[in-house]
Amino acid sequence: MKTLIFSVVEFIAEKEMAQLPCDPDGVCMRCKEKPPSSQTLTCRTCATPWHLSCLPEPPVSDSDTHWECPDCSDLSNPVPVAPSDAILLAVRDIHLDTSLSEQQKAKKAQEVLAGSSHLSKDKNAPDIFDGSFNCSICMQLPDRPVTIPCGHNFCLKCFEKCINQGTRKCANCRTVIPAKMYTQPKINYQLAMAIRLAKAARSGQSSGPPRVHHFVRNQDRPDTAFTTDRAKKTGKANACSGKIFVTVPPDHFGPIPAENDPKRNRGVLVGDMWEDRMECRQWGAHLPHVAGIAGQSSYGAQSVALSGGYVDDEDHGEWFLYTGSGGRDLSGNKRTNKIQSFDQRFENMNEALRQSCRMGYPVRVVRSHKEKRSAYAPEAGVRYDGVYRIEKCWRKDGIQGCKVCRYLFVRCDNEAAPWTSDESGDRPRPLPEIEELIGAIDITERKDDPSWDYDEEKECWLWKKPPPESRKSVDSGDGSTVRVKRKLNIASEREKLLKGFRCGICRKVMQLPITTPCGHNFCKACLEGAFAGQSLMRERSREGGRSLRAQKNVKKCPSCSNDIADFLENPQVNREMLTLIESWGKKPVEENPEESDENDENDDNDESLDDAAEVSKPSDSADNVLEEIKDNDLNQQHKRRKE
DNA sequence: CGGCCCGCATAT
DNA sequence: ATATGCGGGCCG
């Protein structure tokens, strides 16, 4: 690869010495003079004007409109951009197409040669990895991208290498690069971030700073629960969680396997005991340290605690009846309340349990010593008792008079329960007769096959259907958070990406992005609007009427103090950036829409709403925008021809 | 022992 | 940002 880069660069340098066209100002780059238009020829393919007398060989064609410049006519010696034979053949084909006018031919050919063939491809699926965004020098995605005034992007290093070779023109479109740009190139940070995010999105990895879901980073936590200074006076009750030792995500279903237990490499086994809920939490068996149910209403419940908090609970070891949460007045400083004062409903955690019932997910169960009425509860501490399935759920009148949600849990673990002397784990067993089902309301039974079920051949419980995909990241404990989800949350990634494409003036996602030589990005309209009515030169006069010499108007970049007056004379849209914006703005949300994953990105809910509204704009007018770009290109060509 | 009531973790 | 929660040490 390196040799290829070098050969291309060398080739460019070599080529520059021999034959050069006119720059956009009409100045011949070979003799440095500005020939009258009668003394120039414009290439029919790339529409670049050349100084007639500086051409290496006189034109053979009798008509200006059919002349092809040395770069375009010599197929065996490709132009510096080194287009493939396929591209050159495509250009040839365009010219052989009799259905096109000369203007259309030039336009089409220019598109192909400028590497903008993606404009004519499937607009719904522009892909920054298809090569169209590559730096024209190294053919890789731009690293530390530099955007030059003609709107083309290169790696900083490639750009500098080219400059050091003596090239002062865009390797893509031959536009002359202003001195300031090549002496002090500025990185386009917004583009850099966009490319980084796009790469991250493709590899399915989390992007941006590591995400943590704890107030204190897990790796910074001590091995045991601790007490903040402020909470010390009230004791361990106010403890903060210690380190989470296991590497399962918080929404992991089922047993915690050995591979997620780097500390002991044995996983959480049935019968494991902890001193209290905080310690139990650290091993991932049941994460909430007060609540009895771990779950998410639209997703499912992962675990429950039996701690004697609800009088309706009924524990038979291998099966038990569990009561939902809520229905209690927790006003004031209460965290719990034994008094049921209103009806429970299937919402929040109760709905999460019902979802696990419908799907047949395994639910981890821990029993606490606080459950005094159960023979199966431990004498002290908290114990992991394995996974259960919720076979049915319903509502009934609770002992305290209000309606409660009820769940029939039946054990389905491969390990024997702590209270049995059996060596083997559970086998499918008939459901117990539940008397209270008579008179129950809102009865829910599973309709489909359960996700977690017994395999008769393998003689064990296993996932018959793939477990639900985790929607959270896991804190591995070494400072790096790992995204468990394989597929990316396209919607939120796109939103974040588009945030990085905000105009420095209107703060909205850019329309027709323009990159200044100082590396700042604005909507074309915003930038032009900012300097509306200001001419390049300004007449000066004092109150007294004494006129002064005309002075150049200074036009400061809205994001920094750089004078961009010269750049504003002919600002070019950064088309690669535009395509990037459009591809992300347009891309439909590909994943199951009923699971919108909204709660997935709670860490950046600051402006996401207005942004979400704004991003719809570019996609609405995507085609118009593209047309405008093409027209803009044409105008550019006309401008050059006139000169 | 029961009541108090704190910080926290998490869902929404 | 706000609401919820089957903890838990201490005080009386």
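- Between the CD1 atom of A:Ile293 and the P atom of B:dT12 there is a distance of 11 Å, given to the nearest Å.
- Rounded to whole Å, the distance from OH on A:Tyr310 to P on C:dG5 is 6 Å.
- A salt bridge is absent between A:Arg383 and A:Asp272; no separation between the charged side-chain nitrogens and carboxylate oxygens falls under 4.0 Å.
- Among the protein residues, A:Ser241 comes within range of the sugar-phosphate backbone only, with heavy atoms under 4.0 Å from sugar or phosphate atoms but none that close to a base.
- To the nearest angstrom, C1' of C:dG8 lies 11 Å from CD of A:Glu275.
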Salt bridge (charged side-chain N to carboxylate O under 4.0 Å, His left out) between A:Lys472 and A:Asp251: does it pass, once the steps are laid out? CA-CA 7 Å; A:Lys472 307 203 176 202; A:Asp251 55 357; 5.7 Å; no
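- Between A:Gln296 atom CD and C:dT4 atom P the separation is 18 Å, expressed in whole Å.
- Outside the 6.0 Å centre-distance limit, the rings of A:Tyr299 and A:Tyr361 are not counted as a close aromatic pair.
- Look at CG on A:Asp313: it is 10 Å from P on C:dC6, rounded to the nearest Å.
- As judged by a 4.0 angstrom heavy-atom cut-off over every strand, A:Leu306 is placed among the base-contacting residues.
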Given salt bridge (charged side-chain N to carboxylate O under 4.0 Å, His left out), test A:Lys464 with A:Asp453 step by step and report yes or no. CA-CA 6 Å; A:Lys464 290 283 189 176; A:Asp453 206 0; over 6 Å; no
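- Checking the phosphate oxygens (OP1, OP2) of C:dC6, no side-chain nitrogen or oxygen of A:Arg373 falls inside 4.0 Å.
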Salt bridge (charged side-chain N to carboxylate O under 4.0 Å, His left out) between A:Lys396 and A:Asp312: does it pass, once the steps are laid out? CA-CA 10 Å; A:Lys396 68 148 192 172; A:Asp312 289 282; 3.5 Å; yes
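- Looking at residues 377-408 of chain A, you'll see that no heavy atom sits under 4.0 Å from any atom of DNA chain B.
- When the P atom of B:dC6 is taken as reference, atom CE of A:Met278 falls 16 Å away, rounded to whole Å.
- Nearest heavy atom pair, residue A:Val366 against residue A:Ala285, reads CG1-CB, 3.9 Å.
- Inspection of the A:Ser341 and A:Asp329 side chains reveals no N or O donor paired with an N or O acceptor under 3.5 Å.
- The stretch residues 328-366 of chain A comes close to DNA chain B through A:Asn333, A:Arg335, A:Asn348, A:Met349, each having a heavy atom under 4.0 Å from the strand.
- Stems are defined here as 3 or more consecutive Watson-Crick or G-U wobble pairs with pairing distances under 3.5 Å; those involving DNA chain C are B:1-6 with C:7-12, B:8-12 with C:1-5.
- As rounded to whole Å, 13 Å separates atom P of B:dT12 from atom OH of A:Tyr299.
- A:Trp461 does not carry A:Arg411 over the face of its six-membered ring by the limits of under 6.0 Å from the centre and within 45° of the normal.
- Ring orientation note: the planes of A:Trp452 and A:Trp463 are nearly perpendicular, at an angle over 60° on the 30°/60° scale.
- Note that A:Arg328 lies in the cation-pi zone of A:Tyr310, set by a 6.0 Å cut-off to the ring centre and a 45° limit from the axis.
- Residue-to-nucleotide contacts include a donor-acceptor pair under 3.5 Å from the side chain of A:His289 to the base of B:dG7.
- Side-chain atoms of A:Asp313 come within 3.5 Å of backbone atoms of A:Thr323 as a donor-acceptor pair (strictly under, hydrogens ignored).
- In this structure, CZ of A:Phe320 is placed 14 Å from P of C:dC6, rounded to the nearest angstrom.
- Listed here is the closest heavy atom pair of A:Tyr384 and A:Leu269: CD2-O, 3.4 Å.
- Here A:Ser297 reaches the OP1 or OP2 of B:dT12: one of its side-chain N or O atoms lies under 4.0 Å away.
- Note on A:Gly309: a base of the nucleic acid sits closer than 4.0 angstrom, heavy atoms only.
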